[in-house]
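Labels below follow one simple rule: chain letters A, B, ... track the order of the sequence lines, proteins then strands, and each chain is numbered from 1.
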Amino acid sequence: SCLTPNSAYTYKINGSPSKELTDINRMIRQGGV
Amino acid sequence: AQECQNLEVEKQKRLKRIRQKRTQLEELILQQIAFKNLVQRNKVSETSSLAPPPSGSVIQLPFIILNTDVRTVIDCSISSDKCEYLFNFDNTFEIHDDIEILKRMGMSLGLESGKCTADNLIVAKSLIPRSLETYVIDIARGTSQ
Amino acid sequence: AEVLEQVEVLTAQLCELEEQEKELDSQKAWLEQSIKHMNDDPIASRYMYVTHEDICDAFSGDTLLAVVAPSGTQLEVPVPETGQRGQKRYQVNLRSTSAPIQVMLINKE
């Protein structure tokens, strides 16, 4: 996923591939490690 | 020999790009099938119930779903124009897009999980143009990549 | 002679791969157009909805938030921070520039 300056993951509805949500879910599961 | 090596590098690059584009094409095929199936199902459902579902009971596409444990405390701030939301969770959550939900509902006929029956394969092929049939057959057989 | 032959084989393969890639590009463009047409078609798009029951059946025992937002709405998920007492704080920020966002709480019984 593209990281914004304050190290946040971003996703655009109807615009980004589903894979970016997969990355976000993995990051959340890992507690942001 | 140098030219041969350069061509080999170019060939590997092209093969990689083709694999990526084929994966994207297959995802679009699943989307097309899922959307058409959803429209078909809702049309049949409304015809049999002779009325559209109550507006508060349906969720229009596009949407995303945030799911979290029932015990999670969720704090939500909303801007006055409802164009900005900030959610705070005290536990992990997951985010799923509408295509993921349609797949879970079986709208893509099990193609994405290699569980497409022969009958469903016939339905799937009827929802896309003939030129894409070979891709659907490959996806169903799991031979696509 | 062997290397020259290899160069000829690779050149032919590259031409064939180029054709494959062009076909994939055109198939993708056609499909994207077809899906966009479905989304823009007032009749088909009226039937592009799911029921709360569909959502609940897709997940077991969770709290579910359905976010209906216009295409292009930006979702931002910062890397979770750890509070003083070691608890983690998870955040989601939604920002639309074209129309209001609707959020529904679909809680399990």
**Student:** Are the side chains of B/Phe93 and C/Val77 in touch, meaning some heavy atoms are under 4.5 Å apart?
**Tutor:**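 Yes, close enough: below the 4.5 Å cut-off.
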**Student:** Measure the acute angle between the ring planes of B/His96 and C/Phe59, then classify it against the limits of 30° and 60° as parallel, tilted or perpendicular.
**Tutor:** tilted
**Student:** Between C/Asp54 and B/Arg41, is the closest basic N to carboxylate O distance under 4.0 Å?
**Tutor:** yes
**Student:** Name every donor-acceptor pair, under 3.5 Å, that has one atom in a side chain of residues 4-17 of chain C and the other anywhere in the protein, sequence neighbours excluded.
**Tutor:**
unit_1	atom_1	unit_2	atom_2	d
C/Thr11	OG1	C/Val7	O	2.6
C/Gln13	OE1	B/Lys11	NZ	2.8
C/Glu16	OE2	C/Gln20	NE2	3.3

**Student:** B/Phe63 pairs by side chain to side chain contact (heavy atoms under 4.5 Å, CB included) with which of C/Val67, C/Val103, C/Ile55?
**Tutor:**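 Testing B/Phe63 for a side chain to side chain contact (heavy atoms under 4.5 Å, CB included) against C/Val67, C/Val103, C/Ile55 leaves exactly one candidate, C/Ile55.
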**Student:** Heavy atoms, side chains only, cut-off 4.5 Å: are C/Leu94 and B/Glu84 in contact?
**Tutor:**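 Side chain of C/Leu94 against side chain of B/Glu84, heavy atoms only: no contact under 4.5 Å found.
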**Student:** Is C/Arg95 positioned over the aromatic face of B/Tyr85, cation under 6.0 angstrom from the ring centre and no more than 45 degrees off axis?
**Tutor:**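 No, C/Arg95 does not lie over the aromatic ring of B/Tyr85.
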**Student:** Judged by atom type as modelled, is there a donor-acceptor pair below 3.5 Å linking the side chain of B/Gln60 to the main-chain atoms of C/Met48?
**Tutor:** yes
**Student:** Going by distance alone, is a donor N or O of one side chain under 3.5 Å from an acceptor N or O of the other, for B/Gln32 and C/Ser34?
**Tutor:** yes
**Student:** Under a 3.5 Å distance rule, please check whether C/Glu53 uses its side chain to pair with a backbone N or O of B/Ser57 as donor and acceptor.
**Tutor:** no
**Student:** Any side-chain heavy atom of C/Leu75 sitting closer than 4.5 Å to one from B/Ile95?
**Tutor:** yes
**Student:** Can you check whether C/Tyr49's main-chain N or O pairs, donor with acceptor, with B/Asn42's side chain at less than 3.5 Å?
**Tutor:** yes
**Student:** Do B/Met105 and C/Asp57 come within less than 4.5 Å of each other through their side chains, counting heavy atoms only?
**Tutor:**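 B/Met105 vs C/Asp57: side chains apart.
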**Student:** For the residue pair B/Asp90 and C/Gln87, establish whether any side-chain heavy-atom pair is separated by less than 4.5 Å.
**Tutor:** no
**Student:** Of the backbone (N, CA, C, O) and the side chain (C-beta and beyond), which part of B/Asp98 lies under 4.5 Å from a heavy atom of chain C, both, or neither?
**Tutor:**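 When you check distances to chain C, no heavy atom of B/Asp98 falls under 4.5 Å.
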